[in-house]
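Below, all heavy atoms of this structure are taken into account, side chains as well, without hydrogens, waters or symmetry copies.
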Amino acid sequence: MKALRYIKKISRRMFYRVFLTYSLIIFLTMSALFVFLSEYYSDFIVQRELDRHETLINEIKSELQEKHQFVNQGIRQLYLEERLIEDLAFALQHDYQEYIGYRLDKFSSSDSFVPYNFDIYVKNYFSRDPEAIALQIRNENLGTEYVYLYDHSRWNQSNHYKEDHATEFDTYNSAPVETYQPPKDMFIVEEQINDPVSMDRLGKVMVYFSYENINRLLSLRDTPAQGTIFITDEQGNLYYSYGSVSESLIDELNYTVVQKQVKRDDRYYIQSSIDPASQLMVTAVIPEKEIAQLLTYKTTIFSIILVLTVVAIALPYFSLRGYSKRVDEILTKMRDVQNGNLTARIHATKVDDDLTIISHTFNETLDELNNYINKVYFSKLKQTEAELANLQAQINPHFLYNTLEAIRMKSLAEGGRTSAKMIVQLAELFRYSLKSADVVTVEEEMKHALQYIELFKIRFKNQLNSHFEVDEKYYSYYLPPFILQPLIENFLLHGFKRGSEVNQVNVTIYEKENSLKIDIEDNGSGIEGDRLNGIKERLKRGEGSENSIGLGNVNQRIRLKYGEQYGVSITSTPNVKTTVSVMLPLIRGVD
């Protein structure tokens, strides 16, 4: 019972669960390797060798196909140049003496001092391939034959000569040479030559290549090919071989496109494939005895695996103990955050590992989340409220502007010039309210404020005086719209003394401490101490008014747009004066 309780207890801890699971996986994996590796390791090595030879076969086929493509391109170029194919056609259909006369006639009638015929062309073109040994052009019907040698030494080593009298040319000195027996250690590419007009068969071109590239391909690899690789035709004639192989094995091969087989008698692994261009079959034969020695490494590998298994189980035990405690702490803090405690933080150790990164990321995410909530969410909410209040206060200026214009025209028609002037001023105020720009120039904002004051002066004639003190250099500076008018309106609604002819409002705009400062001073009724303190407190908290776009709204818009270091401040002496100051950033231009 105690054992069961102990097992149940440790099974709840992540450290023991991970460690036991990991150890079990390691043990089962290594056991499986010990059981199955001895049985299948040999097949794995064999298959790997077969795959290597399959790759070699494909590379050899690619080499053969490149030779065919090279020859085919050269013959195609002959057909593209009319004088070359005509020259070749004449040479194949006449004897050598007639052809020499034909060439002299062509040269004498040509404007060029440099002769150009198929003889020069084939020398230049086919000599570009360093493996090209010789080229033979033959007309079987007439017995006409031309041979061009590109490598004398290899040709002489590979050739057995006959005693007949076919016409041939050495590629270097154009001297006649003897006729040859086709060599068996060269790769031959044949192409048919047809008359370009009648399409009658004129003869064929045979290009002889060496197998040097294939030899380098097989011998100069990091791991040289094992076994034997050879090339045969459909009749079983041997063209090339790398290594030695018995003729009986060649006779037993099937000429098929692709084949993979294991010859069980002497245990050969055989792969073959037919090159579609030359119709030659490339075959790789690997005797089992040449790769069986690799199986002796199995014991060593198993020993290494056993040692690694012990180490792989022991090391995690010590490292996971510390991890377990740190993971438990992370889970605890995550549960705190899930319960709403956004002040929870994970104690990050000095160990540079993934858990430390998780801890730092967790803490930074919470910091950014709190910052986002405080600065973005609340700011957006306040800005939305301020914009809504501003929109509500505008009361559809399009409609009002059009209506006021109609009333003005009616007043002028009836002789009411004062009414018309008031309507013009009011219409201009609403025209300004239609601006959708984020910022306007100081000059535009001043004109808007003056229009508002002029409208008020018409209503209360000789009861209001105003003065603007602004240097012209500040006219082109920028500030948010609707800054001056709401603050002046604040004085006219709450501080203006009706019946008095000494109401004064002064506006001063100047630069202070690298900021744009606006002072609006009036000699109105002022603000009592308790009420003034309440207004200052609301301005400090950035609160606005729900019923107007006055003092609080202007302050809120500035702080949301430019930061808490800017905004509106107010001082007042009851029955003497009130000064409203606005601090804005210096904006000399906009994009």
Side-chain angles (χ1 to χ4, degrees), residues 56-81 84-85 88-89 91-92 118-140 144-160 166 168-171 177 179-194 201-218 229-242 255 257 272-283:
L56 287 175
I57 290 175
N58 291 331
E59 291 177 355
I60 292 173
K61 288 170 57 179
S62 177
E63 181 69 23
L64 298 179
Q65 290 170 12
E66 287 180 4
K67 300 303 182 188
H68 277 271
Q69 185 178 2
F70 175 70
V71 174
N72 182 266
Q73 184 177 352
I75 300 304
R76 188 164 55 248
Q77 187 65 32
L78 276 173
Y79 285 103
L80 294 177
E81 299 190 34
L84 292 181
I85 191 63
L88 176 60
L92 290 175
F118 88 90
D119 181 40
I120 296 174
Y121 169 76
V122 297
K123 289 179 182 179
N124 294 336
Y125 179 83
F126 290 99
S127 63
R128 291 187 299 177
D129 192 325
E131 287 193 292
I133 297 176
L135 178 140
Q136 178 185 16
I137 304 177
R138 177 188 299 175
N139 185 327
E140 296 90 344
T144 307
E145 185 177 70
Y146 297 87
V147 175
Y148 299 87
L149 300 183
Y150 302 105
D151 192 325
H152 287 266
S153 60
R154 280 188 288 183
W155 180 263
N156 294 333
Q157 291 173 4
S158 304
N159 218 356
H160 300 283
E168 302 181 6
F169 293 92
D170 181 81
T171 189
V177 299
T179 310
Y180 65 98
Q181 196 67 272
K184 294 184 178 181
D185 57 350
M186 296 183 189
F187 173 52
I188 306 174
V189 178
E190 295 185 7
E191 286 289 340
Q192 181 172 313
I193 301 295
N194 296 325
R201 178 184 173 89
L202 296 177
K204 63 180 178 180
V205 174
M206 302 173 65
V207 185
Y208 299 85
F209 296 95
S210 70
Y211 290 102
E212 286 189 359
N213 276 357
I214 297 177
N215 288 332
R216 285 193 293 267
L217 180 67
L218 298 176
I229 295 178
F230 53 88
I231 301 174
T232 57
D233 60 13
E234 186 174 1
Q235 289 73 35
N237 298 319
L238 183 64
Y239 282 76
Y240 170 83
S241 66
Y242 178 84
Y255 184 82
V257 177
S272 64
S273 180
I274 297 176
D275 173 41
S278 63
Q279 294 299 308
L280 297 178
M281 184 170 68
V282 184
T283 305

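Residue S210 holds its OG atom at 8.0 Å from CE of M186, rounded to the nearest 0.5 Å. Remark: N194 CG to K204 NZ distance equals 13.5 Å, nearest 0.5 Å. Rounding to the nearest 0.5 angstrom, the gap separating the OG atom in S272 from the CD1 atom in I231 is 12.5 Å. Taken to the nearest 0.5 Å, the CG atom of L280 stands 10.5 Å off from the CD atom of E234. Between the CZ atom of R216 and the CD atom of E63 there is a distance of 8.5 Å, given to the nearest 0.5 Å. Put simply, CD1 on I60 and CG on N213 are 11.5 Å apart, with the number rounded to the nearest 0.5 Å.
Side chain of N139 to main chain of L92: a donor-acceptor pair is present (N/O by atom type, distance under 3.5 Å, no hydrogens or angles). Distance alone, capped at 3.5 Å, is enough to place a donor-acceptor pair between the Y121 side chain and the G74 backbone. No donor-acceptor pair under 3.5 Å is formed between the side chain of Y242 and the backbone N or O of I214. With hydrogens and angles ignored, the 3.5 Å screen pairs a side-chain donor or acceptor of S127 with a backbone N or O of K123. No side-chain donor-acceptor contact under 3.5 Å links N237 to the backbone of D233. Looking only at distances, a side-chain donor or acceptor of E131 sits under 3.5 Å from a matching main-chain atom of E212.
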Given ring pair (Phe, Tyr, Trp, His ring centres under 6.0 Å), test F70 with Y125 step by step and report yes or no.
CA-CA 10 Å; F70 175 70; Y125 179 83; 4.8 Å; yes
Check step by step if side-chain contact (heavy atoms from CB on, under 4.5 Å) holds for I193 and L88.
CA-CA 9 Å; I193 301 295; L88 176 60; 4.0 Å; yes
Full working for side-chain contact (heavy atoms from CB on, under 4.5 Å) between S273 and I57:
CA-CA 7 Å; S273 180; I57 290 175; 3.8 Å; yes
Using side-chain hydrogen bond (donor to acceptor under 3.5 Å, both in side chains), reason through D151 and Y208 one step at a time and then give a plain yes or no.
CA-CA 10 Å; D151 192 325; Y208 299 85; over 6 Å; no
Chi angles and distances behind the side-chain contact (heavy atoms from CB on, under 4.5 Å) call for I188, E190:
CA-CA 6 Å; I188 306 174; E190 295 185 7; 4.2 Å; yes
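Closest of all the heavy-atom pairs between T144 and A91 is CG2-O, 3.3 Å.
Contact annotation: the side chain of R201 approaches that of E140 to within less than 4.5 Å [non-hydrogen atoms, C-beta and beyond]. Put simply, the side chain of Q65 reaches to within 4.5 Å of the side chain of D275, judged on heavy atoms. Residues Y79 and I85 are in side-chain contact: their nearest non-hydrogen atoms beyond the backbone lie under 4.5 Å apart. Here the side chains of Y146 and L135 are not in contact, with every heavy-atom distance at 4.5 Å or above. When side chains are defined from C-beta on, K67 does not count as touching V207, because their heavy atoms never get closer than 4.5 Å. Inter-residue side-chain proximity for L218 and L56 is flagged as met; some heavy-atom pair is nearer than 4.5 Å. Under the 4.5 Å side-chain criterion, counting only non-hydrogen atoms from C-beta, Q73 is not in contact with V71. Counting only heavy atoms from C-beta outward, the side chains of P130 and Y150 never approach each other to under 4.5 Å.
Aromatic ring centres of F230 and Y239: separated by at least 6.0 Å. Aromatic ring centroids of H68 and F209 lie 6.0 Å or more apart.
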